[in-house]
Amino acid sequence: MESGGSVGFNGSIPGAARLLLVDGVALLRPEEQVFTAMLTGFANQQLARNLARTTVEGRENTVKAFTAYVNTYPWNWTPAMVDEWLGDLRSLRDLKRSTIRSYSEAVRSFCHFVTDPLYEWVATCEERFGAHPVQVVHEWNTAVHVQDNESDPKKRAFTKAELHAFFAHCDDEVARIRSLGRKGWLPAFRDATVFKTAYAYGTRRNETRMLDAADFGRNPHGAEFGEFGRCQVRFGKAKKGSPPKRRGVLTVFDWTPDVLDEWFTEVRPQFGTAGNPAAWPSERGLRIGCQRINSRFKAYREALGLDDGLDFHSLRRSYVTHLIEDGWDPRFVQEQVGHEHASTTSIYTCVSSDFRTRTLRRHLDTTIAAALQARNGRKA
C-alpha cells in the first residue's frame with residue numbers, strides 16, 4: 001500500500017496533519033503554511049518507507065513546480081490542470097517519456113498521501129478552507145508504461161574501434177597536458193582510469209565514482225590478475241526503499257591490472273590521498289563528482305567527432321556487448337553487471353552487424369556440413 005509507512009492511530013503516523021499543525025491555533029498565512037506542512041508530512045511518510053532522500057527531494061521539487069504552474073494549492077487541484085501541465089512539458093520542453101512519467105508519478109503519490117484518511121489532511125483542509133484535495137492523476141490523463149525499455153533509442157555501445165580510439169585519446173591528452181608542464185595531467189590521468197575501469201567491470205557511473213581503493217582485491221581463481229582480480233561494487237542500483245545493492249565483479253580483461261596498478265602505485269599518491277579511501281580523489285574534495293566525469297567524457301567524445309548516442313553508460317553497454325560477441329556465457333555476463341533478469345541484459349546488448357553475420361555464417365556452415373555428411377552417409 002502506497003501510504004503504508006509505520007501504521008499508528010490518532011494521527012500518530014509519520015506525515016499526519018496532527019503532528020505538524022496544532023489544533024485551534026490560527027495561522028498567519030494559512031494556505032502557505034498548510035501546504036508547507038503537507039510537503040513536510042509527505043517527506044516524513046516517504047522517509048518512513050525508507051525511500052532515498054534524493055527520491056524524496058525530487059518528488060517534493062516536482063510537487064512545488066506543479067503548484068507554481070497551476071498557481072493554486074492542492075485542495076483546489078483538478079485533473080484538467082494535470083492535463084495542461086503535462087501537455088506543456090511534452091510540447092514546450094520536449095521532455096523524455098520516462099521523465100514525464102516520473103513527474104506525474106510524483107504528483108500522484110502526493111495526492112495519494114494527502115487524500116488518505118489516515119493522515120487527516122482532507123479533514124484539516126475542509127475545516128480551514130471548505131475544500132479538500134482529491135486524486136488528480138489517473139490512468140486516463142497520464143502516459144501508460146507499456147514497454148520495459150524506454151531509453152533513448154540513440155544510446156548505444158561503442159564499437160571496438162571507437163572504444164580503442166576513445167581510450168587512445170584519453171592517453172594522448174594526459175601526455176599532451178604533461179608535456180606542457182601543467183598539473184592538469186593528474187586529473188586527466190584519473191579520468192582516463194575511471195573510463196577504463198567502468199568498461200573493465202561494466203559499472204554504472206555512480207558505482208564507478210563511489211569505488212574505494214580497498215574495493216579491489218585478489219581472485220583466488222584468477223591469480224594472473226594479482227591484486228586486481230576482483231572489484232567489489234558497494235553502491236549498485238537500489239530497489240525502491242532498499243539500500244544500494246552490492247556485487248562482486250571478476251576481472252576478465254588482461255590489461256586491467258596494469259592500468260589499475262599504475263594508477264594506485266604511481267599516480268594516485270600524488271593527489272595527497274593520505275586518509276582518503278576514495279579510489280578517484282578530487283582535487284578539492286573526497287572524490288570526483290558526476291559533473292566532472294560527464295564534462296570530460298563529452299569533451300573527449302566531441303574531440304573525436306563521435307555522436308551523442310555515446311555517453312558514460314555506453315561503457316557499460318560496451319562491456320556487455322563485447323563479452324557476448326567474444327563468446328562469454330550470457331548468464332556470467334548477467335551476474336557480472338548485476339541484472340536480475342536476462343531480459344535486462346539483452347537490452348544492453350548492442351551486438352554489431354559483423355558479429356551477427358559471423359554467427360549466421362557459422363550456423364549455416366554447420367547446417368550444410370551436417371547435411372553433406374548425412375547425404376554421404378546414405379550413399380555409402
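Keep in mind the model is a prediction, meaning the values are calculated, not measured.
Not a single ring pair (Phe, Tyr, Trp, His ring centres under 6.0 Å) links Tyr103 to another residue, sequence neighbours left out. In this view, Phe166 and Phe158, Phe195, Phe297 satisfy the ring pair (Phe, Tyr, Trp, His ring centres under 6.0 Å) rule, not counting sequence neighbours. In this structure Phe332 satisfies the ring pair (Phe, Tyr, Trp, His ring centres under 6.0 Å) test together with Trp328, sequence neighbours excluded. Listed by chain and number, the residues in a side chain to side chain contact (heavy atoms under 4.5 Å, CB included) with Asp308 are Lys154, Arg301 (sequence neighbours excluded). Leu47 pairs by the side chain to side chain contact (heavy atoms under 4.5 Å, CB included) definition with Arg53, Val56, not counting sequence neighbours. Remark: Phe189 engages no residue in a ring pair (Phe, Tyr, Trp, His ring centres under 6.0 Å) (not counting sequence neighbours). Taking Arg234 as the reference, Asp212, Asp215, Gln232, Arg246 meet the side chain to side chain contact (heavy atoms under 4.5 Å, CB included) condition, with sequence neighbours excluded.
The stretch residues 162-179 participates, sequence neighbours left out, in these salt bridge (charged side-chain N to carboxylate O under 4.0 Å, His left out) pairs: Arg156-Glu162, Asp171-Lys196, Glu173-Arg176. Within the structure, salt bridge (charged side-chain N to carboxylate O under 4.0 Å, His left out) contacts touching residues 254-276 (residues at least two apart or in different chains) do not occur. Listed by first then second residue, pairs satisfying salt bridge (charged side-chain N to carboxylate O under 4.0 Å, His left out) with a partner in residues 27-38 read Arg29-Glu32, not counting sequence neighbours.
Of the inter-residue distances, the one linking Thr124 atom OG1 with Trp121 atom CH2 reads 6.0 Å to the nearest 0.5 angstrom.
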Mind listing the side-chain donor-acceptor pairs of residues 82-89 below 3.5 Å, one per line with the distance, residues two or more places apart or on another chain?
residue	atom	partner	partner atom	Å
Asp83	OD1	Asn141	ND2	3.4
Glu84	OE2	Tyr69	OH	3.4
Asp88	OD2	Tyr69	OH	2.4

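For the pairing with Tyr201, the side-chain contact (heavy atoms from CB on, under 4.5 Å) check across Thr256, Val337, Val252, Leu315 returns one residue only, Thr256.
Heavy-atom neighbours of His164 NE2 from other residues, nucleotides or ligands within 6.0 Å: at or below the threshold of 12.
By the 30° and 60° cut-offs, the orientation of the rings of Trp255 relative to Tyr199 is parallel.
Through direct or indirect side-chain contacts shorter than 4.5 Å among Ile, Leu, Val, Met, Phe, Trp and Tyr, Phe235 is connected to Met210.
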